[in-house]
Amino acid sequence: MSDTCDVAIVGGGPAGLSAAVELKRQGVARVVVLERFGRAGGIPRHCGHPPFGMREFRRVLSGPAYARRLVATAEDAGVEIRTDHTVTAVRPDGVLELATTQGAMTLTARRVLIATGNRERTRAQRLAPGLRPVGVMNTAALQSFVYEEGRKPFSRPVIVGSEMVALSALLTCVRHGMRPVALVETCERVQTRRLFMALAALLRVPVLTGAELLSIEGRTRVEGLRLCRNDGTEVTLACDGIVFSGRFTPEATVVRASGLVLDAGSLGPEIDAEGRSSDPHVFVAGNVLHPVETAGVCWAEGRRIAGVIARELAAGTGEPASRAGAVVRPGEGLRYVVPQRISGATELNIRAEGAARGRLVLRDATGRELVVKTLRAYPEQPIRLRVPALDAAALSGDLHLGLERDD
């Protein structure tokens, strides 16, 4: 079975749905959103807490309400949303291979937008040792249990991680009658603003940093988590559940299966400033590029990339443009930069390795300083660098992004 459309969007979260609405607003005739789950809306579907929607709808919404609003807005705009449709690969010339409840099919699109988002790293990816009892999950699974199924998976969990999503897990537990034993971070400092950890103090949940995970205890169900503290002492936290929180990675399965060029730092696809991947038919937006940004940031990015796609289709040439511009290469202490290729004025999205204080400097191939920014960033903080239109000399070779740390 085969079908055609103007634009196929892989992923029905904030980036994909906002792009779909913008494409329809700009006159694109047939826009199809392909969502692998039974409902569209992305991660916010099972985030029961606010605030969502302030940028998009000028209202403070819970995650599920926000997801429903995104879906309703897309449907009202005439977007076709197909749930239970998994894209297994994107082939050249915009041919998508799909697995559906009705069997395999293909969909050929003039342009494709990949917006598959990201996910938390699993226990296995973190190499957490110990047995495999019931009660080990990530934040998304916890919130799915609570908000979608109305179930409480445990009573006294340990939360492993200290990014913002760990505080979301903490609030979810407390609001639904679960009392976290501790919040454990394997790094020497918390991975968000220290000020935010006041929430844990307010809820009387200890925060343990620099703790090595030695073993998950319990044969059939979690009974404890054995740690080595940063002072060398070992301790076992008695608990009945463990939530591995944060350490996000792109949901890039379809990207890898499609043979698109991946960035070694972000682990998502390489793009230019207009969102083009190594396949000129395929654009990319959202947290598959930069784990992790807020839903509002992804929503705005989806709209922006949709504008690029709509203009390209309206040009009527039929042939997609190729990626353009100079390659931006991040230096020591920087994990990734997105986009990886720029030509005109743009904004770079950057992550440092850990906390960073000093100067962020963009140089051309001759060493000339093009943009400089003083930096004070906490771990996992999204860093922005606005780059003006560059001259031809600057764009004639690679650009080098460096972090000059304060001593």
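Everything numeric here is computed off the predicted structure, so don't read it as measured data.
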Legend entry - Note: Glu185-Arg247 ion pair, threshold 4.0 Å (strictly below): yes
Legend entry - N-O pairing of Lys373 and Glu347 below 4.0 Å: no
Inset, instruction - Verify whether one side chain among Gln143 and Ser168 offers a donor that lies under 3.5 Å from an acceptor in the other. - result: yes
Legend entry - Salt bridge Glu312-Arg276, side-chain N to carboxylate O under 4.0 Å: yes
Legend entry - Any donor-acceptor N/O pair, Asp6 side chain to Val31 backbone, under 3.5 Å: no
Inset, instruction - Validate the cation-pi geometry between Arg69 and Phe52: distance from NZ or CZ to the six-membered ring centre under 6.0 Å, angle to the ring axis within 45°. - result: no
Inset, instruction - Report yes or no: do Asp279 and Ser277 form a side-chain donor-acceptor pair below 3.5 Å? - result: no
Inset, instruction - May I ask you to decide whether Arg335 forms a salt bridge with Glu380, counting only side-chain N to carboxylate O separations under 4.0 Å? - result: yes
Inset, instruction - Determine, stepwise, if the pair Arg111 / Val28 fulfils side chain to side chain contact (heavy atoms under 4.5 Å, CB included). - result: CA-CA 11 Å; Arg111 298 293 183 273; Val28 177; over 6 Å; no
Inset, instruction - Indicate whether any N or O donor in one side chain lies under 3.5 Å from an N or O acceptor in the other, for Gln125 and Thr249. - result: no
Legend entry - Ion pair check, Glu404 and Arg363, cut-off under 4.0 Å: yes
Legend entry - Salt bridge Arg341-Glu270, side-chain N to carboxylate O under 4.0 Å: no
Legend entry - Test item: side-chain donor near acceptor, Thr106 and Ser2, under 3.5 Å: no
Inset, instruction - For Arg59, look at atom CZ and say whether over 12 heavy atoms of other residues, nucleotides or ligands are found less than 6.0 Å away. - result: no
